[in-house]
2 protein chains.
Amino acid sequence: MANKMGYLSCLDTVKPVRDAIDVINGKWKLPIIISVMTGNERFTDIQESIPGITPKVLAKELKDLEQHQLIKRVIVDDYPVKILYKPEPYAHTLTPIIDSLKHWGLNHRKRIFDKE
Amino acid sequence: MANKMGYLSCLDTVKPVRDAIDVINGKWKLPIIISVMTGNERFTDIQESIPGITPKVLAKELKDLEQHQLIKRVIVDDYPVKILYKPEPYAHTLTPIIDSLKHWGLNHRKRIFDKE
DNA sequence: TATTTCACTTTCCTTTAGGAAAGTACTATA
DNA sequence: TATAGTACTTTCCTAAAGGAAAGTGAAATA
(Lines give C-alpha, C1' and ligand atoms only; values in the text may rest on other atoms or scores of the structure.)
Protein backbone atom coordinates (compact mmCIF):
# COMPACT_ATOMS: atom_id res chain seq x y z
CA MET A 1 0.00 0.00 0.00
CA ALA A 2 1.62 3.14 -1.21
CA ASN A 3 0.73 3.99 -4.75
CA LYS A 4 -2.90 4.65 -5.29
CA MET A 5 -1.94 7.78 -7.15
CA GLY A 6 -3.00 7.75 -10.79
CA TYR A 7 -1.48 11.12 -11.53
CA LEU A 8 2.04 12.40 -11.93
CA SER A 9 3.38 14.47 -9.08
CA CYS A 10 4.51 17.95 -10.02
CA LEU A 11 4.77 19.41 -6.53
CA ASP A 12 8.53 19.89 -6.85
CA THR A 13 7.79 22.65 -9.30
CA VAL A 14 4.31 23.74 -8.28
CA LYS A 15 5.17 24.49 -4.66
CA PRO A 16 8.08 26.90 -5.18
CA VAL A 17 6.30 28.56 -8.10
CA ARG A 18 3.36 29.22 -5.82
CA ASP A 19 5.64 30.59 -3.13
CA ALA A 20 6.97 33.07 -5.66
CA ILE A 21 3.53 33.97 -7.00
CA ASP A 22 2.34 34.66 -3.47
CA VAL A 23 4.96 37.40 -3.13
CA ILE A 24 4.56 39.10 -6.50
CA ASN A 25 0.81 38.60 -6.96
CA GLY A 26 -1.54 41.11 -8.49
CA LYS A 27 -1.23 43.54 -11.36
CA TRP A 28 0.96 46.07 -9.66
CA LYS A 29 3.81 44.60 -7.61
CA LEU A 30 6.22 43.92 -10.44
CA PRO A 31 5.52 47.23 -12.21
CA ILE A 32 6.26 49.05 -8.94
CA ILE A 33 9.48 47.13 -8.41
CA ILE A 34 10.51 47.87 -11.98
CA SER A 35 9.81 51.56 -11.50
CA VAL A 36 11.77 51.72 -8.26
CA MET A 37 14.68 49.75 -9.74
CA THR A 38 14.68 52.12 -12.70
CA GLY A 39 15.38 54.90 -10.24
CA ASN A 40 12.04 56.42 -9.36
CA GLU A 41 12.12 57.21 -5.65
CA ARG A 42 9.26 59.58 -4.93
CA PHE A 43 5.66 58.52 -4.48
CA THR A 44 4.36 60.76 -7.23
CA ASP A 45 7.14 59.79 -9.62
CA ILE A 46 6.37 56.12 -9.16
CA GLN A 47 2.70 56.84 -9.59
CA GLU A 48 3.19 58.79 -12.81
CA SER A 49 5.53 56.19 -14.24
CA ILE A 50 2.88 53.46 -14.02
CA PRO A 51 -0.18 54.31 -16.10
CA GLY A 52 -3.46 53.59 -14.40
CA ILE A 53 -2.27 53.09 -10.84
CA THR A 54 -4.16 55.03 -8.17
CA PRO A 55 -2.56 56.45 -5.03
CA LYS A 56 -4.58 54.12 -2.85
CA VAL A 57 -3.33 51.02 -4.62
CA LEU A 58 0.21 52.33 -4.77
CA ALA A 59 0.28 53.05 -1.03
CA LYS A 60 -1.00 49.58 -0.22
CA GLU A 61 1.39 47.77 -2.55
CA LEU A 62 4.38 49.77 -1.31
CA LYS A 63 3.60 48.56 2.21
CA ASP A 64 3.40 44.95 1.03
CA LEU A 65 6.71 45.25 -0.78
CA GLU A 66 8.32 46.78 2.27
CA GLN A 67 7.16 43.87 4.42
CA HIS A 68 8.73 41.44 1.97
CA GLN A 69 11.93 43.47 2.16
CA LEU A 70 11.95 44.21 -1.52
CA ILE A 71 11.96 47.97 -1.07
CA LYS A 72 12.64 50.34 1.79
CA ARG A 73 10.92 53.55 2.75
CA VAL A 74 13.45 56.20 3.66
CA ILE A 75 12.57 59.39 5.47
CA VAL A 76 15.00 62.18 4.67
CA ASP A 77 14.98 64.79 7.39
CA ASP A 78 15.59 67.88 5.38
CA TYR A 79 13.13 70.72 5.46
CA PRO A 80 10.75 69.75 4.08
CA VAL A 81 10.83 66.07 4.99
CA LYS A 82 11.18 63.87 1.92
CA ILE A 83 10.15 60.29 1.57
CA LEU A 84 12.10 58.05 -0.76
CA TYR A 85 11.49 54.50 -1.87
CA LYS A 86 14.58 52.51 -2.69
CA PRO A 87 15.06 48.95 -3.87
CA GLU A 88 16.56 46.55 -1.34
CA PRO A 89 19.28 44.25 -2.65
CA TYR A 90 16.76 41.44 -2.48
CA ALA A 91 14.67 43.15 -5.18
CA HIS A 92 17.44 42.53 -7.68
CA THR A 93 17.01 38.77 -7.29
CA LEU A 94 13.73 39.27 -9.15
CA THR A 95 15.55 40.35 -12.29
CA PRO A 96 15.47 36.93 -13.98
CA ILE A 97 11.72 36.76 -13.41
CA ILE A 98 11.19 40.24 -14.78
CA ASP A 99 13.40 39.52 -17.78
CA SER A 100 11.61 36.31 -18.66
CA LEU A 101 8.22 37.95 -18.33
CA LYS A 102 9.34 40.91 -20.42
CA HIS A 103 10.69 38.68 -23.12
CA TRP A 104 7.56 36.55 -23.18
CA GLY A 105 5.27 39.56 -23.17
CA LEU A 106 7.10 41.11 -26.12
CA ASN A 107 6.77 37.90 -28.09
CA HIS A 108 3.19 37.41 -27.12
CA ARG A 109 2.25 40.83 -28.43
CA LYS A 110 4.04 40.11 -31.69
CA ARG A 111 2.22 36.79 -31.99
CA ILE A 112 -1.16 38.41 -31.49
CA PHE A 113 -0.43 41.20 -33.96
CA ASP A 114 0.84 38.81 -36.62
CA LYS A 115 -2.22 36.62 -36.56
CA GLU A 116 -4.79 39.39 -36.52
CA MET B 1 7.76 71.98 -24.65
CA ALA B 2 8.25 68.29 -24.34
CA ASN B 3 9.82 67.33 -21.07
CA LYS B 4 7.71 68.14 -18.10
CA MET B 5 8.27 64.63 -16.86
CA GLY B 6 10.07 64.50 -13.52
CA TYR B 7 10.14 60.74 -13.40
CA LEU B 8 12.07 58.08 -15.26
CA SER B 9 10.14 56.15 -17.87
CA CYS B 10 10.08 52.41 -17.38
CA LEU B 11 7.30 51.59 -19.84
CA ASP B 12 9.66 49.59 -22.03
CA THR B 13 9.71 46.99 -19.31
CA VAL B 14 6.42 47.59 -17.53
CA LYS B 15 4.23 47.16 -20.60
CA PRO B 16 5.42 43.73 -21.77
CA VAL B 17 5.59 42.48 -18.20
CA ARG B 18 1.97 43.46 -17.77
CA ASP B 19 1.03 41.74 -21.01
CA ALA B 20 2.56 38.54 -19.65
CA ILE B 21 0.94 38.90 -16.24
CA ASP B 22 -2.44 39.35 -17.89
CA VAL B 23 -2.15 35.89 -19.42
CA ILE B 24 -0.82 33.95 -16.44
CA ASN B 25 -2.62 35.86 -13.68
CA GLY B 26 -4.07 34.29 -10.56
CA LYS B 27 -2.95 31.51 -8.28
CA TRP B 28 -3.75 28.62 -10.57
CA LYS B 29 -2.74 29.15 -14.21
CA LEU B 30 0.93 28.29 -13.89
CA PRO B 31 0.32 25.31 -11.58
CA ILE B 32 -2.14 23.93 -14.13
CA ILE B 33 0.30 24.43 -16.99
CA ILE B 34 3.02 22.76 -14.98
CA SER B 35 0.76 19.81 -14.23
CA VAL B 36 -0.25 19.40 -17.88
CA MET B 37 3.35 19.75 -19.08
CA THR B 38 4.37 17.12 -16.53
CA GLY B 39 2.02 14.75 -18.33
CA ASN B 40 -1.26 14.89 -16.47
CA GLU B 41 -4.01 14.77 -19.07
CA ARG B 42 -7.23 13.93 -17.28
CA PHE B 43 -9.34 16.42 -15.37
CA THR B 44 -9.21 14.47 -12.14
CA ASP B 45 -5.49 13.81 -12.44
CA ILE B 46 -4.78 17.50 -12.87
CA GLN B 47 -7.09 18.25 -9.98
CA GLU B 48 -5.41 15.78 -7.66
CA SER B 49 -1.93 16.93 -8.63
CA ILE B 50 -2.62 20.49 -7.46
CA PRO B 51 -3.47 20.62 -3.76
CA GLY B 52 -6.37 22.86 -2.92
CA ILE B 53 -7.81 23.43 -6.36
CA THR B 54 -11.56 22.92 -6.72
CA PRO B 55 -13.25 21.51 -9.83
CA LYS B 56 -15.01 24.80 -10.45
CA VAL B 57 -11.79 26.78 -10.51
CA LEU B 58 -10.01 24.13 -12.56
CA ALA B 59 -12.77 24.09 -15.19
CA LYS B 60 -12.70 27.86 -15.50
CA GLU B 61 -8.93 28.11 -15.71
CA LEU B 62 -8.71 25.32 -18.28
CA LYS B 63 -11.08 27.32 -20.50
CA ASP B 64 -8.94 30.43 -20.13
CA LEU B 65 -5.79 28.54 -20.98
CA GLU B 66 -7.45 27.02 -24.02
CA GLN B 67 -8.43 30.46 -25.26
CA HIS B 68 -4.84 31.60 -24.97
CA GLN B 69 -3.78 28.49 -26.90
CA LEU B 70 -1.60 27.22 -24.13
CA ILE B 71 -3.42 23.89 -23.84
CA LYS B 72 -5.88 21.99 -25.95
CA ARG B 73 -8.90 19.95 -24.96
CA VAL B 74 -9.01 16.69 -26.86
CA ILE B 75 -12.07 14.48 -27.02
CA VAL B 76 -11.16 10.84 -27.58
CA ASP B 77 -14.08 8.94 -29.03
CA ASP B 78 -13.63 5.58 -27.44
CA TYR B 79 -16.35 4.08 -25.35
CA PRO B 80 -16.46 5.70 -22.92
CA VAL B 81 -15.54 9.10 -24.31
CA LYS B 82 -12.36 10.44 -22.75
CA ILE B 83 -11.32 14.02 -22.44
CA LEU B 84 -7.63 14.85 -22.44
CA TYR B 85 -5.84 18.10 -21.84
CA LYS B 86 -2.55 18.50 -23.66
CA PRO B 87 -0.03 21.30 -23.71
CA GLU B 88 0.19 23.27 -26.94
CA PRO B 89 3.69 24.00 -28.22
CA TYR B 90 3.15 27.59 -27.11
CA ALA B 91 2.96 26.45 -23.48
CA HIS B 92 6.61 25.47 -23.64
CA THR B 93 7.60 29.08 -24.25
CA LEU B 94 6.60 29.65 -20.62
CA THR B 95 9.41 27.41 -19.39
CA PRO B 96 11.87 30.26 -18.69
CA ILE B 97 9.22 32.01 -16.62
CA ILE B 98 8.40 28.87 -14.70
CA ASP B 99 12.08 28.12 -14.12
CA SER B 100 12.86 31.59 -12.82
CA LEU B 101 9.85 31.53 -10.50
CA LYS B 102 10.77 28.07 -9.25
CA HIS B 103 14.32 29.08 -8.57
CA TRP B 104 13.27 32.26 -6.81
CA GLY B 105 10.61 30.47 -4.76
CA LEU B 106 13.10 27.87 -3.61
CA ASN B 107 15.51 30.54 -2.50
CA HIS B 108 12.83 32.60 -0.88
CA ARG B 109 11.74 29.69 1.29
CA LYS B 110 15.33 29.07 2.31
CA ARG B 111 15.75 32.73 3.19
CA ILE B 112 12.67 32.71 5.37
CA PHE B 113 13.65 29.50 7.12
CA ASP B 114 17.18 30.66 7.78
CA LYS B 115 16.16 33.88 9.46
CA GLU B 116 13.45 32.39 11.65
C1' DT C 1 -2.52 85.75 1.05
C1' DA C 2 -3.54 82.13 -2.47
C1' DT C 3 -2.07 78.35 -4.83
C1' DT C 4 0.57 74.29 -5.44
C1' DT C 5 3.11 70.19 -4.18
C1' DC C 6 3.72 65.99 -1.70
C1' DA C 7 2.31 61.78 0.21
C1' DC C 8 -0.82 59.99 1.15
C1' DT C 9 -5.98 58.58 3.45
C1' DT C 10 -10.84 58.04 3.26
C1' DT C 11 -15.16 56.73 1.44
C1' DC C 12 -17.86 54.38 -1.57
C1' DC C 13 -18.58 51.18 -4.87
C1' DT C 14 -18.02 47.29 -8.46
C1' DT C 15 -15.63 43.39 -10.09
C1' DT C 16 -13.10 39.34 -9.78
C1' DA C 17 -11.20 35.43 -7.42
C1' DG C 18 -11.95 31.83 -5.00
C1' DG C 19 -13.94 28.25 -1.75
C1' DA C 20 -17.59 24.65 0.01
C1' DA C 21 -20.90 21.63 -1.01
C1' DA C 22 -24.01 19.37 -3.67
C1' DG C 23 -25.76 17.85 -7.96
C1' DT C 24 -25.73 15.72 -12.69
C1' DA C 25 -25.47 12.59 -16.59
C1' DC C 26 -23.08 9.07 -18.23
C1' DT C 27 -20.52 4.71 -17.95
C1' DA C 28 -18.19 0.91 -15.67
C1' DT C 29 -17.54 -2.44 -12.41
C1' DA C 30 -18.71 -5.75 -8.53
C1' DT D 1 -28.72 -3.86 -8.41
C1' DA D 2 -25.47 -0.89 -6.06
C1' DT D 3 -21.42 1.55 -5.99
C1' DA D 4 -17.83 4.14 -8.03
C1' DG D 5 -15.53 6.99 -11.43
C1' DT D 6 -15.36 10.94 -14.85
C1' DA D 7 -15.92 15.58 -15.97
C1' DC D 8 -17.79 18.64 -14.93
C1' DT D 9 -21.96 22.46 -13.41
C1' DT D 10 -24.64 24.90 -10.12
C1' DT D 11 -25.58 27.53 -6.14
C1' DC D 12 -24.26 30.21 -2.55
C1' DC D 13 -21.13 32.76 -0.29
C1' DT D 14 -16.87 35.60 1.41
C1' DA D 15 -12.81 38.06 0.68
C1' DA D 16 -9.72 40.56 -1.82
C1' DA D 17 -8.60 43.53 -5.64
C1' DG D 18 -9.22 47.46 -7.65
C1' DG D 19 -11.17 52.04 -9.31
C1' DA D 20 -13.09 57.08 -8.83
C1' DA D 21 -13.23 60.99 -6.41
C1' DA D 22 -12.48 63.86 -2.80
C1' DG D 23 -10.07 65.17 1.26
C1' DT D 24 -6.02 66.19 4.41
C1' DG D 25 -2.19 68.56 6.58
C1' DA D 26 2.10 70.41 6.26
C1' DA D 27 5.27 73.08 3.79
C1' DA D 28 6.90 75.77 -0.41
C1' DT D 29 6.20 79.02 -3.80
C1' DA D 30 4.09 83.13 -6.29
Side-chain angles (χ1 to χ4, degrees), chain A residues 3-8 14 17-18 21-33 35-36 39-68 71-86, chain B residues 3-8 14 17-18 21-33 35-36 39-68 71-86:
Chain A
N3 235 40
K4 217 184 176 174
M5 191 170 70
Y7 60 90
L8 302 161
V14 165
V17 166
R18 286 211 39 189
I21 290 172
D22 287 346
V23 174
I24 56 164
N25 58 354
K27 282 168 73 171
W28 302 112
K29 294 220 175 60
L30 287 178
I32 292 166
I33 287 169
S35 179
V36 172
N40 291 305
E41 303 190 309
R42 312 294 301 270
F43 191 92
T44 14
D45 287 346
I46 300 167
Q47 195 188 320
E48 287 173 353
S49 74
I50 302 171
I53 199 166
T54 61
K56 183 187 121 179
V57 168
L58 178 55
K60 188 244 177 196
E61 299 289 52
L62 284 170
K63 277 174 201 155
D64 285 6
L65 294 172
E66 227 193 312
Q67 282 197 343
H68 285 295
I71 58 169
K72 57 172 181 279
R73 186 178 188 269
V74 182
I75 304 166
V76 181
D77 245 342
D78 292 345
Y79 298 93
V81 174
K82 259 195 245 175
I83 288 165
L84 301 182
Y85 294 94
K86 308 227 188 198
Chain B
N3 235 41
K4 220 190 176 168
M5 191 169 69
Y7 60 88
L8 302 160
V14 165
V17 166
R18 287 211 36 189
I21 290 172
D22 287 346
V23 174
I24 57 164
N25 59 353
K27 281 167 74 172
W28 302 113
K29 295 221 175 60
L30 286 178
I32 292 166
I33 286 168
S35 179
V36 172
N40 291 304
E41 303 191 310
R42 310 295 299 271
F43 191 91
T44 15
D45 287 346
I46 299 167
Q47 195 187 321
E48 287 172 352
S49 74
I50 302 171
I53 199 166
T54 60
K56 183 187 122 182
V57 168
L58 179 55
K60 188 243 176 196
E61 298 290 53
L62 284 169
K63 278 174 200 155
D64 284 7
L65 294 172
E66 228 194 312
Q67 283 197 344
H68 285 294
I71 58 170
K72 58 171 182 279
R73 187 178 188 269
V74 182
I75 303 166
V76 181
D77 245 342
D78 292 344
Y79 297 95
V81 174
K82 258 194 246 176
I83 289 165
L84 301 182
Y85 294 94
K86 308 227 189 201

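The sequence lines fix the lettering, A, B, ..., with proteins before strands; numbering per chain opens at 1. Treat the numbers as computed from the prediction; the structure is a model and nothing was measured.
Distance CG (A:Leu58) to P (D:dG19): 12 Å, rounded to an integer number of Å. Look at NZ on B:Lys82: it is 14 Å from C1' on D:dA7, rounded to the nearest Å. Atom CD in B:Gln47 sits roughly 13 Å away from atom C1' in C:dG19 (whole-Å rounding). Remark: P of C:dC8 and CD of A:Glu61 are 14 Å apart, rounded to the nearest angstrom. Regarding B:Glu41, its CD atom lies at a distance of 15 Å from the C1' atom of D:dT6, rounded to whole Å. Spacing between atom CZ of A:Phe43 and atom C1' of C:dA7 amounts to 6 Å, rounded to whole angstrom units. To the nearest angstrom, P of C:dG19 lies 8 Å from CD1 of B:Ile53. What separates CG of B:Asp22 from P of C:dA17 is a distance of 11 Å, to the nearest Å.
Closest non-hydrogen pair, B:Ile53 versus B:Gln47, comes out as CG2-O, 3.6 Å. When every heavy atom of A:Val36 is checked against every heavy atom of A:Lys86, the shortest pair comes out as CG1-C, 3.7 Å. Nearest heavy atom pair, residue A:Ile50 against residue A:Ser35, reads CD1-CB, 4.1 Å. Here the closest heavy-atom approach between residue A:Gly6 and residue B:Asp45 is recorded as O-OD2, 3.8 Å. Across all non-hydrogen atoms, the minimal contact from B:Val23 to B:Lys29 is O-CD, 3.4 Å.
Here B:Trp28 reaches the OP1 or OP2 of C:dG19: one of its side-chain N or O atoms lies under 4.0 Å away. For D:dT9, one of the phosphate oxygens OP1 or OP2 lies less than 4.0 angstrom from a side-chain nitrogen or oxygen of B:Lys63. Checking the phosphate oxygens (OP1, OP2) of D:dC8, a side-chain nitrogen or oxygen of B:Tyr85 falls inside 4.0 Å. Applying the 4.0 Å criterion to OP1 and OP2 of D:dT6, one finds that B:Arg42 has every side-chain N and O outside that range.
Nearest-nucleotide positions on DNA chain D place A:Asp64 closer to the 5' end than the other of A:Asp64 and A:Val81.
Of the candidate nucleotides D:dG18, C:dA17, D:dT6, C:dA17 has the atom nearest to the side chain of B:Asn25. The side chain of B:Lys56 has D:dT10 as its nearest neighbour among D:dT10, C:dC8, D:dG19. Comparing C:dG18, C:dA20, D:dG18 against the side chain of B:Thr54 picks out C:dA20 as the nearest. When distances are taken from the side chain of A:Lys27 to each of D:dG19, C:dA28, C:dC8, the shortest belongs to D:dG19. Distance from the side chain of B:Ile83 is smallest for D:dC8 among the nucleotides C:dG19, C:dA28, D:dC8.
Residue A:Pro55 is classed as a base contact, given a heavy-atom separation below 4.0 Å to a base.
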